[in-house]
Amino acid sequence: KQEVTQIPAALSVPEGENLVLNCSFTDSAIYNLQWFRQDPGKGLTSLLLIQSSQREQTSGRLNASLDKSSGRSTLYIAASQPGDSATYLCAVYNTNAGKSTFGDGTTLTVKP
Amino acid sequence: DVKVTQSSRYLVKRTGEKVFLECVQDMDHENMFWYRQDPGLGLRLIYFSYDVKMKEKGDIPEGYSVSREKKERFSLILESASTNQTSMYLCASSKVVIGELFFGEGSRLTVL
């Protein structure tokens with residue numbers, strides 16, 4: 001059974017800092033990995049999707065990397081802003097399970 | 001942009017009531033999903049559908065049913081609501097089963 005872990009559960013940084021969020025998974029037979037952002041009381045907003053054949057994806061100040069062999073993905077946020085404050089979740093799609101498994105998320109607070 | 005719309009953002013129901021949660025997507029996606037999200041338990045898949053009139057059980061289907069009469073609409077039904085079904089319900093869609101997931105804004109259900 002796939003297990004997805006996101007450590008730390010919470011992170012607080014000053015504005016302008018570059019930061020890395022981590023996502024680990026136990027079963028490397030994944031088809032893709034997706035990063036989401038969730039604001040309090042809202043749904044999930046898709047940030048980046050990385051296919052299993054890819055090593056990284058970039059969108060603006062966000063860069064996500066994938067290392068299937070070690071079961072890890074990182075989300076790099078450059079020059080963080082208070083508006084980046086949210087919970088960030090990762091989800092992996094397993095070919096054998098036929099579904100996505102979500103991590104519990106990292107809650108990021110960017111202080112002005 | 002993909003738009004997934006959940007008709008009710010907040011609902012308060014009584015124990016034993018029948019509850020309908022509606023979800024509509026506007027991008028001709030084949031696949032639609034219902035999740036619930038609870039603190040400490042993360043996102044859990046209730047049901048999904050990969051085609052009109054087709055449905056598959058997820059991890060926690062007990063106490064729920066679904067309906068997909070049209071491609072764009074996927075309904076979650078609580079036949080007899082119970083207090084342990086108080087939760088945030090999230091609908092999602094994807095073009096292909098292994099594709100990028102797009103979520104709605106969520107429906108916060110409270111069962112008294």
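Below, each value reflects all heavy atoms present in this structure, side chains not excepted, and no hydrogens, waters or symmetry copies. Just so it is clear, the model here is predicted, and its values are computed rather than measured. Chain identifiers are assigned alphabetically (A, B, ...) following the order of the sequence lines, protein sequences preceding nucleic acid strands; residue numbering begins at 1 within each chain.
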Please tabulate, one pair per line, the N or O donor-acceptor pairs under 3.5 Å between chain A and chain B.
residue, atom, partner, partner atom, Å
A:N32, ND2, B:I98, O, 2.5
A:Q34, OE1, B:L101, N, 3.0
A:Q34, NE2, B:L101, O, 3.0
A:Q38, OE1, B:Q37, NE2, 2.9
A:Q38, NE2, B:Q37, OE1, 2.8
A:G41, O, B:R9, NH2, 2.8
A:G43, N, B:E105, O, 3.1
A:S46, OG, B:E100, OE2, 2.6
A:K99, NZ, B:D59, OD1, 2.7
A:K99, NZ, B:D59, OD2, 2.3

Transitive ILVMFWY cluster of B:F20, excluding itself - 4.5 Å side-chain cut-off: B:I77
Pairwise side-chain contact, A:L21 with A:T74, heavy-atom cut-off 4.5 Å (strictly under): no
Shared hydrophobic cluster for B:I60 and B:L109 (ILVMFWY, side-chain gaps under 4.5 Å): yes
Sub-4.5 Å side-chain heavy-atom contact between A:L75 and A:L19: no
Chain A contact via B:I98 - which portion, at a heavy-atom distance below 4.5 Å: both
Any donor-acceptor N/O pair, A:S85 side chain to A:V110 backbone, under 3.5 Å: yes
Side chain, backbone, both or neither of A:L44 within contact of chain B (heavy atoms, under 4.5 Å): both
Other cluster members, A:V20 - Ile/Leu/Val/Met/Phe/Trp/Tyr, side-chain contacts below 4.5 Å: A:Y76
Other ILVMFWY residues reachable from B:L112 by side-chain steps of under 4.5 Å: B:V12
